[in-house]
Colleague: 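This structure is in structure tokens; I'll ask about it shortly.
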There are 2 protein chains.
Amino acid sequence: MFEPSIRRGEKCGVAKPVSPRGLARTRVLDCAVALFAECGVHGTSLKMIAQRLGVSKAAVYYQFSSKEEIATEVLRPILEDVTRVIKIAEALPDWEARRAVACSGLVEMAIRHRQLAAVFVGDPAMPLIAPMELRAVTGELRKLLEGPEPDAQHRIAVAVFFAGMGNAVADPLLADIDDAELHGVLLDLSNRIVRPTTDGD
Amino acid sequence: MFEPSIRRGEKCGVAKPVSPRGLARTRVLDCAVALFAECGVHGTSLKMIAQRLGVSKAAVYYQFSSKEEIATEVLRPILEDVTRVIKIAEALPDWEARRAVACSGLVEMAIRHRQLAAVFVGDPAMPLIAPMELRAVTGELRKLLEGPEPDAQHRIAVAVFFAGMGNAVADPLLADIDDAELHGVLLDLSNRIVRPTTDGD
DNA sequence: GTCTATAAACAGATAGAC
DNA sequence: GTCTATCTGTTTATAGAC
């Protein structure tokens with residue numbers, strides 16, 4: 001259930017300052033990710049996190065001052081990744097190039113945060129735990145995928161791909177499929193669903 | 001559980017049976033649908049339902065004996081629809097025909113239960129509130145879409161379409177798109193994403 | 001750093017008044 | 001039928017012992 005990870009009596013590479021809270025914080029975060037993915041944010045209590053970790057609730061509260069802080073920290077890596085993708089995409093000259101970058105970036109991100117992707121794209125608690133930043137970048141990303149002045153068909157396609165991919169990577173029924181294969185198939189799907197804005201269609 | 005349903009004084013012939021509980025029950029159900037869609041099942045409390053309805057919690061408990069009963073009743077129409085689609089599809093001779101029926105049936109169902117679709121396909125509370133029936137039919141439906149001995153690509157495509165469509169129809173950003181147009185685009189998408197098992201691809 | 005103990009608010013649910 | 005009042009358990013969160 002809980003493994004001291006690496007720190008046993010030995011150095012495991014460089015020095016590693018033993019990180020007074022770093023380790024415990026990481027353990028809490030990892031546990032929270034798993035529970036958020038399984039039960040949703042609203043369906044996960046501090047008690048559940050503490051119990052699965054084999055510690056008391058107070059021990060968790062020592063690391064984080066609130067449930068919201070845990071959720072924020074859990075989502076932070078994904079937020080940073082999306083922000084980076086948007087930055088890169090927006091620097092490009094034309095819409096089609098932006099779309100391509102946003103598309104592949106989104107797929108890569110979904111694979112990297114496989115457990116969390118479903119929380120990011122669809123958890124009902126998202127508007128509450130991510131007041132502005134995350135909602136903003138989500139909107140930006142979708143705009144990049146849609147391109148300028150998208151018609152209904154395009155907007156729907158983007159919505160389907162966005163939510164569909166986020167849920168698919170975390171789908172327990174697809175847990176046996178490894179990251180590499182999933183990545184390839186999703187990229188292919190993204191091209192089938194979210195087309196370039198050239199209306200040769 | 002217990003519904004005298006129409007019992008008030010007597011005559012309930014034509015003119016509005018006054019439906020002693022029917023109306024209130026329906027109002028609770030409608031309210032619950034909206035809140036489940038907005039906040040998720042775990043994120044919706046009896047208090048929220050009662051407050052939005054302008055009544056007390058006890059008034060809600062008079063109509064339903066538990067939150068689970070509310071959730072079950074809310075999901076019932078969708079369960080019945082899916083069951084019907086599966087029945088029809090399974091009666092067909094070959095896999096391709098089954099897939100086609102399952103596909104169009106699923107789209108139709110998503111449009112009909114636009115608010116609830118996202119709850120059905122992705123709410124973390126689903127495994128709890130729908131012990132066997134709903135999970136079973138969901139699995140059946142996905143099997144019909146996948147066809148016999150599906151490869152990874154096919155399974156992923158089905159997962160993306162299933163969750164993607166369920167979330168898209170309920171997406172607030174797509175609320176301005178009317179049912180008819182959404183229906184058409186989704187049907188088109190379903191053919192682009194979930195292909196027949198003939199591997200002419 | 002982690003614990004016990006506890007506060008305060010809120011959840012689901014029931015009893016009984018009107 | 002709907003309400004007030006209440007019960008019980010759980011939730012988030014804090015204080016202070018070790």
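Chain letters run A, B, ... following the sequence lines, proteins first, then strands; residues in each count from 1.
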Colleague: Okay, side chain of Ser190(A), backbone of Cys103(A): is any donor-acceptor separation there less than 3.5 Å?
Modeller: no
Colleague: Kindly say if Gln63(B) contacts the phosphate of dG1(D), meaning a side-chain N or O under 4.0 Å from OP1 or OP2.
Modeller: no
Colleague: Over how many whole Å does the gap from Lys67(A) atom NZ to dA9(C) atom C1' extend?
Modeller: 15 Å
Colleague: Hey, is Glu96(B) close enough to Arg99(B) for a salt bridge, meaning N to O under 4.0 Å?
Modeller: no
Colleague: Under the 3.5 angstrom rule, does the side chain of Arg155(B) hit a backbone N or O of Leu173(A) as a donor-acceptor pair?
Modeller: yes
Colleague: Determine which bases of DNA chain D form Watson-Crick or G-U wobble pairs with both distances under 3.5 Å, and write the result as a 5' to 3' dot-bracket string with | for other-strand partners.
Modeller: |||||||.||||||||||
Colleague: Does Ser56(A) make a side-chain N or O approach to OP1 or OP2 of dC3(C) shorter than 4.0 Å?
Modeller: yes
Colleague: Report the distance from atom OH of Tyr61(A) to atom P of dT4(C), rounded to the nearest whole Å.
Modeller: 16 Å
Colleague: Calculate the interatomic distance between Ile70(B) atom CD1 and dA11(C) atom P; express it in whole Å.
Modeller: 14 Å
Colleague: Whole-Å distance between dT2(C) C1' and Arg25(A) CZ?
Modeller: 16 Å
Colleague: Nearest to the Tyr62(A) side chain among dG1(C), dA13(C), dA15(C), which nucleotide is it?
Modeller: dG1(C)
Colleague: Just by modelled atom types, is the Ser65(B) backbone N or O under 3.5 Å from a matching donor or acceptor in the Glu69(B) side chain?
Modeller: yes
Colleague: Would you kindly give the CD-to-P distance between Gln51(A) and dC3(C), to the nearest whole Å?
Modeller: 13 Å
Colleague: Mind calculating the distance between CG (Leu53(A)) and P (dG1(C)) to the nearest angstrom?
Modeller: 16 Å
Colleague: Quick one: which of dA11(C), dC3(C), dG12(C) gets closest to the side chain of Lys47(B)?
Modeller: dA11(C)
Colleague: Testing the basics here: between Arg98(B) and Leu92(B), what is the closest heavy-atom pair and its distance to 0.1 Å?
Modeller: NE-O, 3.0 Å
Colleague: Let me know, please, whether Lys57(A) or Lys57(B) comes out on the 5' side of the other along DNA chain D by nearest nucleotide.
Modeller: Lys57(B)
Colleague: Among the candidates dT12(D), dT2(C), dA11(C), find the nucleotide nearest to the side-chain atoms of Ala24(A).
Modeller: dT2(C)
Colleague: What's the closest nucleotide to the Val55(A) side chain, out of dC3(C), dT12(D), dA13(C)?
Modeller: dC3(C)
Colleague: Applying salt bridge (Lys or Arg N to Asp or Glu O under 4.0 Å), run through Lys143(A) and Glu146(A) and close with a yes or a no.
Modeller: CA-CA 5 Å; Lys143(A) 270 183 196 157; Glu146(A) 287 172 352; over 6 Å; no
Colleague: Would you indicate, yes or no, if dG12(C) has its OP1 or OP2 atom less than 4.0 angstrom from a side-chain nitrogen or oxygen of Ser66(B)?
Modeller: no
Colleague: Please report the distance, rounded to the nearest Å, between CG in Leu46(A) and P in dA7(C).
Modeller: 19 Å
Colleague: With a 4.0 Å cut-off, would you call Asp30(A) and Arg27(A) a salt bridge?
Modeller: no
Colleague: Nearest of dA11(C), dT12(D), dT4(D) to any side-chain atom of Ala58(B)?
Modeller: dT4(D)
Colleague: For Phe64(A) and dT11(D), give me the distance from atom CZ to atom P, rounded to whole Å.
Modeller: 19 Å
